[in-house]
Amino acid sequence: MKITFSDPSYARTGALAVGVFDGPALTAAGKALDKKTGGALGRAIAASRFKGGKAQVLILLAPEGLKASRLLLFGLGKADEADDLVLQEAGGGIVANLATAGDKVANVLVERPPKCKLNLADCAANLAYGARLRSYRFDKYRTKEKEEDKPTLGTLNFMVKEPAAARRAFARLDSIAEGVCFTRDLVSEPANVLYPETLAREARRLGRYGVRVEVLDVNRMKQLGMGALLGVAQGSSHKPRVVTMQWNGAAKGARNKRPIAFIGKGVTFDTGGISIKPSGGMEDMKYDMAGAATVIGLMRSLARRKAKVNAVGIVGLVENMPSSTAQRPGDVVKSMSGQTIEVINTDAEGRLVLADVLCYCQKRFKPRLMIDLATLTGAIIVALGHEHAGLFSNDDKLAEQIGAAGKKVGETVWRLPLGEAYDEQINSPIADMKNVGSGRGGGSITAAQFLKRFVDDTPWAHLDIAGVAWAKKDAACVPKGGTGFGVRLLDRFVADNFE
Ligand code: BES
Ligand code: MN
Ligand code: ZN
């Protein structure tokens, strides 16, 4: 779907969309349209239950007095509460209602909500951003979709008094959307197509945007002593990879500043290994590389919008398989940090991968801070469902910055505790630690506690995204499937605190 901006005109064909505030209260453009149609808007509203609330819509077909094929009234909620998120969700709603309705072109009349902090161009840009995020589809493997089920909408045009300014404002948001959609593509790919080598190849493509990409192979990982990561990988015929992506965009004078680091779990498929998972729903484990995909998409967004920051992304890519070469429960591995780990459960593999990547990150890049993302535990879904990611941190300020950025972009996180008593649960009688807790409760916390043992005094945060990386139902700006959760959040975190 193409997104364009132009001057307002009522003379266009195709669908026409206009916002309505809670009440329902027509905007200036809405009132003008009501007049042009001989009061059809008012009559339609009176005949319906449309109140102008958020996500509400009312469609008038072939409205008298207009060239438009249909008129979509979209609710914006309370007039004095309309902000960037409300506009993004409205943009998403427009696409949800018009994408498959039949029209090839739709025009949106953009107005600035009277008390909105954004200027008109930013209002248009945010509507377009939401539309772009919602119009995402992963349909490359569908060869038999019926014509009538395919989207018809080819162009979504935003009519706004300052189209050039809106286009400029949208460019920045579009870079973020590009990263989000790239992440969604990677998360959605099946594991026979996307495995460590091919995922590393996707990451390499960031080279064209000015990101310095390096790929470590097995020999290099052996030299570095990454026994924890290699132990997970040894059951699969697909060889593991570690990929580093450096974006050095800091302004003059800060070019040599230590980077902020983003680390991702990239288990391209998690069978559980010898501690094999039940078969029901196992197909979901193709998205066990969502942490890595988020880091790759984020680096793409940062590079595309030329973020003024030094950032490094590192992803640990492995496939967790059972086989005659797989590691066994009870095996003891030596991590890059020198600490030994008794592998009680081969299905607690993500923490083993991250242990070595966290260690490598600190040794090589001496980052100012580290944030890791991982679909780490099913327990985080028990605790938080699909509404928040779990946040763990050794640094209150960092935790607050992440929480604030999440609220602003609508990707919310909830902080959970760390503490001595949890840490004790991963002591092993024969090695420095074991990879699962002894009790049954607090599984997400003991997992985070495990990661913490590989973090020195670097400010660090861990986001457990197992519950938010994949959606089973559509949301305003996120169609069901891979969500790309974390790209918008961390882009905002960077913009607000490091640029
Ligand atoms: N990849 C899973 C966690 C997961 C579960 C991600 C559901 C997405 C949706 C992880 O590797 C895992 O298997 N964790 C185990 C840990 C347990 C063995 C301590 C779990 O959550 O059951
Ligand atoms: Mn697992
Ligand atoms: Zn896993």
Side-chain angles (χ1 to χ4, degrees), residues 187-188 191 194-196 199 228-229 231-236 238 240 263-294 315-322 326-331 341-357 372-390 392 416 422 425-426 428 433-451 462-472 481-483 485-486:
V187 169
S188 304
L194 206 75
Y195 43 89
L199 183 48
L229 184 154
V232 176
Q234 76 188 34
S236 173
H238 290 304
I263 288 157
K265 167 181 172 180
V267 176
T268 57
F269 196 81
D270 180 14
T271 63
I274 296 297
S275 314
I276 197 163
K277 289 181 181 294
S279 55
M282 204 205 275
E283 67 278 9
D284 285 354
M285 287 302 108
K286 74 170 184 181
Y287 73 73
D288 209 18
M289 34 56 75
T294 304
V315 294
L317 312 179
V318 303
E319 184 178 57
N320 188 21
M321 294 293 263
Q327 71 179 344
R328 295 143 291 253
D331 282 5
I341 305 159
E342 185 186 9
V343 179
I344 300 294
N345 189 321
T346 65
D347 196 11
E349 85 297 339
R351 63 198 75 179
L352 296 168
V353 172
L354 290 174
D356 279 339
V357 180
D372 76 72
L373 298 109
T375 47
L376 204 63
T377 65
I380 203 69
I381 307 176
V382 176
L384 301 175
H386 304 284
E387 317 307 330
H388 291 84
F392 301 84
L416 285 98
Y422 298 106
Q425 290 186 39
I426 53 171
S428 157
M433 71 194 86
K434 54 184 181 178
N435 75 331
V436 293
S438 38
R440 270 157 128 268
S444 304
I445 306 177
T446 47
Q449 214 67 61
F450 182 95
L451 299 180
H462 156 58
L463 288 169
D464 193 334
I465 58 171
V468 293
W470 189 270
K472 294 217 159 107
T483 60
F485 182 101

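Whatever order the structure lists ligands and atoms in, that order sets their numbers, starting from 1.
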Atoms in ligand 1 flagged as close to Thr375, the criterion being non-hydrogen separation under 4.0 Å: 1 (N), 2 (C), 3 (C), 6 (C)

Ligand 1 atoms in contact with Lys265 (distance to a heavy atom under 4.0 Å): 1 (N), 10 (C), 11 (O)

Shortest non-hydrogen separation from Val318 to Ala233 and the atoms involved: CG1-CB, 4.0 Å

Closest protein heavy atom (residue, atom, distance) for atom 15 (C) of ligand 1: Asp347 O, 4.1 Å

Which of the ligand 1 atoms, numbered from 1, are nearer than 4.0 Å to a heavy atom of Asn345: 18 (C)

Contacting atoms of ligand 1, where contact means under 4.0 angstrom from a heavy atom of Gly378: 3 (C), 5 (C), 20 (C), 21 (O)

Side-chain touch Lys277/Thr271, heavy atoms, less than 4.5 angstrom: no

N or O pair under 3.5 Å between Lys277 and ligand 1: yes

Any Val267 heavy atom less than 4.0 Å from ligand 1: no

Residue that, paired with Leu352, satisfies side chain to side chain contact (heavy atoms under 4.5 Å, CB included) out of Thr346, Val343, Leu229: Val343

Check: Arg351 and Thr377 side chains under 4.5 Å, non-hydrogen atoms: yes

Heteroatom test (N, O or S) for Val267 near the Zn ion (ligand 3), limit 2.8 Å: no

Considering all heavy atoms, the nearest Ile426-Phe450 contact: CD1-CA, 3.5 Å

Interfacing atoms of ligand 1 (cut-off 4.0 Å, heavy-atom, Thr377): 3 (C), 21 (O)

Main-chain N/O of Gly443 paired with Thr446 side-chain donor or acceptor, under 3.5 Å: yes

Min heavy-atom dist Trp470 to ligand 1 below 4.0 Å: no

N/O/S atom name from Glu349 that is nearest to the position of the Mn ion (ligand 2): OE1

Name, closest N/O/S atom of Asp270 to the Mn ion (ligand 2): OD2

Atom OH of Tyr422: over 12 foreign heavy atoms under 6.0 Å: no

Atom of Asp288 nearest the Zn ion (ligand 3) (restricted to N/O/S, atom name only): OD2

Which residue and heavy atom of the protein sit nearest atom 2 (C) of ligand 1, plus the separation: Asp270 OD2, 3.6 Å

Part of Asn320 within contact of ligand 1 (heavy atoms, under 4.0 Å): neither

Minimum heavy-atom distance between Leu376 and Ala447, given as atom pair plus value: CD2-CB, 3.6 Å

Main-chain N/O of Asn345 paired with Asn435 side-chain donor or acceptor, under 3.5 Å: yes

Which N, O or S atom of Glu349 lies nearest to the Zn ion (ligand 3), by name: OE2

Check: Ala290 main-chain N/O paired with Thr375 side-chain donor or acceptor under 3.5 Å: no

Met285 neighbourhood, listing ligand 1 atoms whose heavy-atom distance to it stays under 4.0 Å: 1 (N), 6 (C), 7 (C), 8 (C), 9 (C)

Val436 neighbourhood, listing ligand 1 atoms whose heavy-atom distance to it stays under 4.0 Å: 19 (C)

Protein contact to atom 16 (C) of ligand 1 [nearest heavy atom, distance to 0.1 Å]: Arg351 NH2, 3.9 Å

Minimum heavy-atom distance Pro240-Pro196, with the two atoms named: CA-CB, 4.1 Å

Test log, rule salt bridge (Lys or Arg N to Asp or Glu O under 4.0 Å), inputs Asp288 and Lys265: CA-CA 7 Å; Asp288 209 18; Lys265 167 181 172 180; 3.1 Å; yes

Any non-hydrogen protein atom less than 4.0 Å away from atom 22 (O) of ligand 1: no

Element-labelled atoms of ligand 1 that are located less than 4.0 Å from some non-hydrogen atom of Glu349: 11 (O)

For the Zn ion (ligand 3), the closest N/O/S atom belonging to Asp270: OD2

For the student: nearest non-hydrogen atoms of Ser236 and Glu319, plus distance: OG-OE1, 2.7 Å

Minimum heavy-atom distance between Gly266 and Ala292, given as atom pair plus value: CA-CB, 3.6 Å

Nearest-neighbour protein heavy atom for atom 10 (C) of ligand 1, which is reported as residue plus atom name and distance: Leu376 O, 3.3 Å

